[in-house]
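Below is one structure, written out as structure tokens, with a few remarks after it.
Just so we're clear, the structure is a prediction, and the values are computed from it rather than from any experiment.
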Amino acid sequence: MATTFRCRLTLSVSPANPPLITEQLFDQQYKESTDSPIDEFLTRLQAINRLAPQPTNFDPFQGQLVLLGVIAAVESYFRTLFRRLIAFDSICQESVHERDVSYGAAIHLPKDMLPEAMLERISFVSSENITKAIREMLAIKGNLPPDLDTAIKDYARVCQLRHCAVHRFGKLGVSNAISLGLTGHKSLLEKPLKLDYVALQNTIAISTGLVKTLNNFLFNEMLSRLPAANWSTQYVRDKPLFLSYYKLFSDKVSTNRSAQPSQIYKQFLKQRALFAAGNRL
């Protein structure tokens, strides 16, 4: 059999790969945070935003890297919140009873971390995926409120910019242009992203807005669907149950942090009483 000619020319000299011992690259002493998912997100966001280039010397490429970190922080918020809700809320648990997890996850993950295995197969970068996950993983019924629907759609547009930065070195692809609106973007196909300081801060504001809007919505949904019989209307007796939800959603990092749990509890009881009396919120 005739051999095929293959030349052996060298245009770039590649050195031998250095060792990469991946099992030494993760913090074995790490303990899961007890902070609320939104506090974890806001703390990460503060650290990420400190890396943002300043307007007087803005580097668009560095700005793209900051954008990647912001999207990663939002994704972490979703996964942490969903996991914790599934771990302790009975209705959320029922909604995922028939979902599969890998054998490796079932064997090696502790019980409260098992939802992570289900969430590995979900991507929170499109409005369809986010809405579907909220409905199916958390058993949310009915239409999402307009403010949350808008927040999700705006965030999905930010994710399209992130997709360009990660997968196309900043250039606009056809699928991204279609998602963003082909009419306004078709002349920009294969053009690089020029992210300036204002645009970067706007993407951060949109991402933060989604997290806070969803956080408020889910807190209200989780409390609203608890049976009225669960509440004695006495804070001392209701405190353990109320705090289990309050601590999961409360914001202690923002300048406008969450009110004290006793204050929120009083507002909750007042709204339930008004509803029972026929006054719709």
**Message:** Testing the 3.5 Å rule here: is there a donor-acceptor pair between the side chains of Lys212 and Ser254?
**Reply:**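 The answer is yes; a qualifying pair exists.
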**Request:** Could you please spell out the steps behind the ring pair (Phe, Tyr, Trp, His ring centres under 6.0 Å) verdict for Phe82 and Tyr77?
**Result:** CA-CA 8 Å; Phe82 279 41; Tyr77 164 80; 8.3 Å; no
Nearest non-hydrogen partners of [X] and [Y], listed with the distance:
X      : Y      : result
Leu189 : Val174 : CD2-CA, 3.7 Å
Leu144 : Arg135 : N-NH2, 4.0 Å
Ser33  : Arg84  : O-NH2, 2.8 Å

**Request:** Please work out whether the ring planes of Tyr197 and Phe58 are parallel, tilted or perpendicular, with thresholds of 30° and 60°.
**Result:**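 Aromatic pair Tyr197/Phe58 classed perpendicular.
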**Message:** I need the Leu114 CG to Arg99 CZ distance, nearest 0.5 Å.
**Reply:**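 Spacing of CG (Leu114) from CZ (Arg99) equals 14.0 Å.
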**Validation row, ring centre Phe268 to ring centre Tyr246 under 6.0 Å** =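 Not under 6.0 Å, so no.
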**Asked** Under 6.0 Å between ring centres, would you say that holds for Phe41 and Phe78?
**Response**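 Not under 6.0 Å, so no.
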**Asked** Quick one: do Glu75 and Arg162 make a salt bridge, cutoff under 4.0 Å?
**Response**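 Salt bridge between Glu75 and Arg162, a charged N being under 4.0 Å from a carboxylate O: no.
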**Request:** For the pair Glu128 and Lys132, find out whether any cationic side-chain nitrogen is under 4.0 Å from an anionic carboxylate oxygen.
**Result:**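 Between Lys132 and Glu128 there is no salt bridge, as every charged N stays at least 4.0 Å from the carboxylate O atoms.
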**Message:** Can you confirm whether Tyr103 is buried at OH, in the sense that more than 12 heavy atoms of other residues, nucleotides or ligands lie under 6.0 Å from that atom?
**Reply:**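 Counting other residues, nucleotides and ligands, OH of Tyr103 stays at 12 neighbours or fewer.
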**Test side chain to side chain contact (heavy atoms under 4.5 Å, CB included) applied to Gln46 and Arg50, step by step** = CA-CA 6 Å; Gln46 289 175 352; Arg50 284 196 290 270; 4.3 Å; yes
**Residues which pass salt bridge (charged side-chain N to carboxylate O under 4.0 Å, His left out) with Glu94, listed by chain and number, not counting sequence neighbours** =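 Partners of Glu94 under the salt bridge (charged side-chain N to carboxylate O under 4.0 Å, His left out) test: none.
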